[in-house]
Amino acid sequence: MRKGNILRSIAGTFLTLLVVTALFVMRSGVPIFGAPGAKDVESVTVARAGEKGQTYTDPEKIKLAVKLINSLNYQPFTRVSENSVEVGPDVEIKYRLKDGRELTAAANWITGWWNGEAHALKQPDMFVNLAEGTFHLGRRD
C-alpha cells in the first residue's frame, strides 16, 4: 500500500471519529469524566438537600448510584442559570471510595454538580427523578 493511501485512510478514520463524537454530544451531551467504578466505591450516601440521608453499602445500591452519574450529561457551551445555582441541588449522592476519597454528584431540576462544579444538564430532570425512584426519596412539591 502506498503512503498516500495510508494517509487518506487515517484522515477518513479521523474525520469519521469527529463526526460520530459530535453527533453523540449533540444527542446525549457531554458525559461526566472521573466517575468511579462500582468496584471502587465503599459506600454511598443519598440525601435530599438539607437532610441527613441514607448510607448504603449494598453492592447493588452502589452499582445503581454509580450508574446515576450517567444521567448528569451536560450541554457544552451552555451557561448555568444563576437562579438554579442559588437554589442549589435537590438530591445529592456522596461516593466514598475504598482509597479514602469522596466524590459528590448532585442535581436540581436543571443543573447538575459533579464535585462542586455546576453544569447545565442535557436531560434536565433525569438525575433527580431517577434518584427519587431508585432510593425512595419521596418527591417535594
Side-chain angles (χ1 to χ4, degrees), residues 1 3-141:
M1 200 175 207
K3 190 174 185 177
N5 289 340
I6 293 172
L7 290 176
R8 263 186 253 135
S9 294
I10 291 171
T13 302
F14 183 71
L15 184 59
T16 301
L17 179 66
L18 282 176
V19 169
V20 168
T21 301
L23 291 172
F24 175 82
V25 168
M26 286 173 33
R27 181 180 171 270
S28 303
V30 178
I32 295 295
F33 294 102
K39 293 178 181 176
D40 300 325
V41 178
E42 184 175 290
S43 67
V44 294
T45 301
V46 183
R48 280 219 159 267
E51 296 179 5
K52 184 180 178 200
Q54 176 72 38
T55 300
Y56 299 94
T57 56
D58 174 47
E60 194 60 34
K61 290 289 189 182
I62 289 172
K63 190 175 182 181
L64 290 170
V66 169
K67 285 183 179 181
L68 274 174
I69 296 171
N70 294 330
S71 64
L72 284 177
N73 288 4
Y74 62 92
Q75 299 178 52
F77 315 114
T78 303
R79 279 186 51 171
V80 176
S81 164
E82 289 181 30
N83 293 339
S84 178
V85 172
E86 287 176 19
V87 170
D90 289 329
V91 175
E92 181 178 85
I93 302 177
K94 292 186 187 256
Y95 302 85
R96 275 179 213 65
L97 304 182
K98 292 177 179 174
D99 67 6
R101 292 183 297 143
E102 187 173 279
L103 304 173
T104 304
N108 61 28
W109 296 103
I110 60 173
T111 303
W113 286 264
W114 176 244
N115 290 324
E117 187 176 337
H119 301 283
L121 294 175
K122 181 69 177 178
Q123 296 177 319
D125 47 1
M126 183 71 73
F127 183 86
V128 173
N129 286 338
L130 289 173
E132 286 175 344
T134 303
F135 295 100
H136 310 290
L137 295 175
R139 196 171 173 162
R140 278 193 204 167
D141 294 320

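Counting begins at 1 with the first residue of the sequence.
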Show me, pair by pair, the donor-acceptor contacts under 3.5 angstrom made by side chains of residues 72-82, not counting sequence neighbours?
unit_1	atom_1	unit_2	atom_2	d
Asn73	ND2	Ser28	O	3.1
Gln75	NE2	Leu121	O	2.9
Thr78	OG1	Pro76	O	3.3
Arg79	NH2	Glu82	OE2	3.4
Ser81	OG	Asn83	N	3.4
Ser81	OG	Ser84	N	3.4

Review point. Going by the side chain to side chain donor-acceptor pair (under 3.5 Å) test, which pairs reach into residues 38-47, not counting sequence neighbours?
Key: Thr45-Thr55, Thr45-Arg96
Study note, to complete from the structure: Heavy-atom closest pair (Phe127 atom, Ala107 atom, distance to 0.1 Å) is CD2-CB, 3.4 Å
Check your understanding: Is the backbone of Gly88 close enough, under 3.5 Å, to the side chain of Asn108 for a donor and an acceptor to pair up by distance?
Key -> yes
Check your understanding: Distance from Asp125 atom CG to Glu132 atom CD, nearest 0.5 Å?
Key -> 9.5 Å
**Study point:** Thr104 and Trp113: CA distance, side-chain angles, deciding distance, side-chain contact (heavy atoms from CB on, under 4.5 Å) verdict
**Key:** CA-CA 8 Å; Thr104 304; Trp113 286 264; over 6 Å; no
Practice item. Show the numbers, then the answer: is there a side-chain contact (heavy atoms from CB on, under 4.5 Å) between Tyr95 and Ile62? Key: CA-CA 9 Å; Tyr95 302 85; Ile62 289 172; over 6 Å; no
Review point. Where do Ala49 and Pro89 come nearest, in terms of heavy atoms and distance?
Key: CB-O, 3.0 Å
Practice item. For side-chain contact (heavy atoms from CB on, under 4.5 Å), just list the numbers for Val30 and His119, CA-CA rounded to whole Å, side-chain angles, deciding distance to a tenth of an Å, and then say yes or no. Key: CA-CA 10 Å; Val30 178; His119 301 283; over 6 Å; no
**Study point:** Atom NZ of Lys63 with >12 non-hydrogen neighbours under 6.0 angstrom
**Key:** no
Exercise for review: Identify, with sequence neighbours excluded, every residue that meets salt bridge (charged side-chain N to carboxylate O under 4.0 Å, His left out) alongside Lys122.
Suggested key: none
Check your understanding: Can you name the closest pair of heavy atoms from Gly53 and Ala47 and give their distance?
Key -> CA-CB, 3.5 Å
Practice item. Return each pair, listed once, that meets ring-ring contact (aromatic ring centres under 6.0 Å, His included) where at least one residue sits in residues 25-57; pairs must be two or more places apart or across chains. Key: Tyr56-Phe135
Check your understanding: Could you state the interatomic distance from CG (Leu68) to OG1 (Thr134), rounded to the nearest 0.5 Å?
Key -> 5.5 Å
**Study point:** From CG (Asp90) to CZ (Arg48), nearest 0.5 Å
**Key:** 6.0 Å
Study note, to complete from the structure: Residue set satisfying side-chain contact (heavy atoms from CB on, under 4.5 Å) with Pro124, at least two apart, ordered chain then number -> Ile110
Review point. Got a sec, which residues hit side chain to side chain donor-acceptor pair (under 3.5 Å) with Asp58, two or more places apart in sequence or on another chain?
Key: none
Point to revise | Rounded distance (nearest 0.5 Å) linking atom CG of Leu23 with atom CG of Leu18 | key: 11.0 Å
Exercise for review: Find out whether Leu97 and Glu102 are in side-chain contact, i.e. whether some heavy atom of one side chain is under 4.5 Å from a heavy atom of the other.
Suggested key: no
Check your understanding: Is any side-chain heavy atom of Pro36 closer than 4.5 Å to a side-chain heavy atom of Ile69?
Key -> yes
Check your understanding: Are Val46 and Gln54 close enough, and set up right, to give a side-chain contact (heavy atoms from CB on, under 4.5 Å), and what steps lead you there?
Key -> CA-CA 5 Å; Val46 183; Gln54 176 72 38; 5.6 Å; no
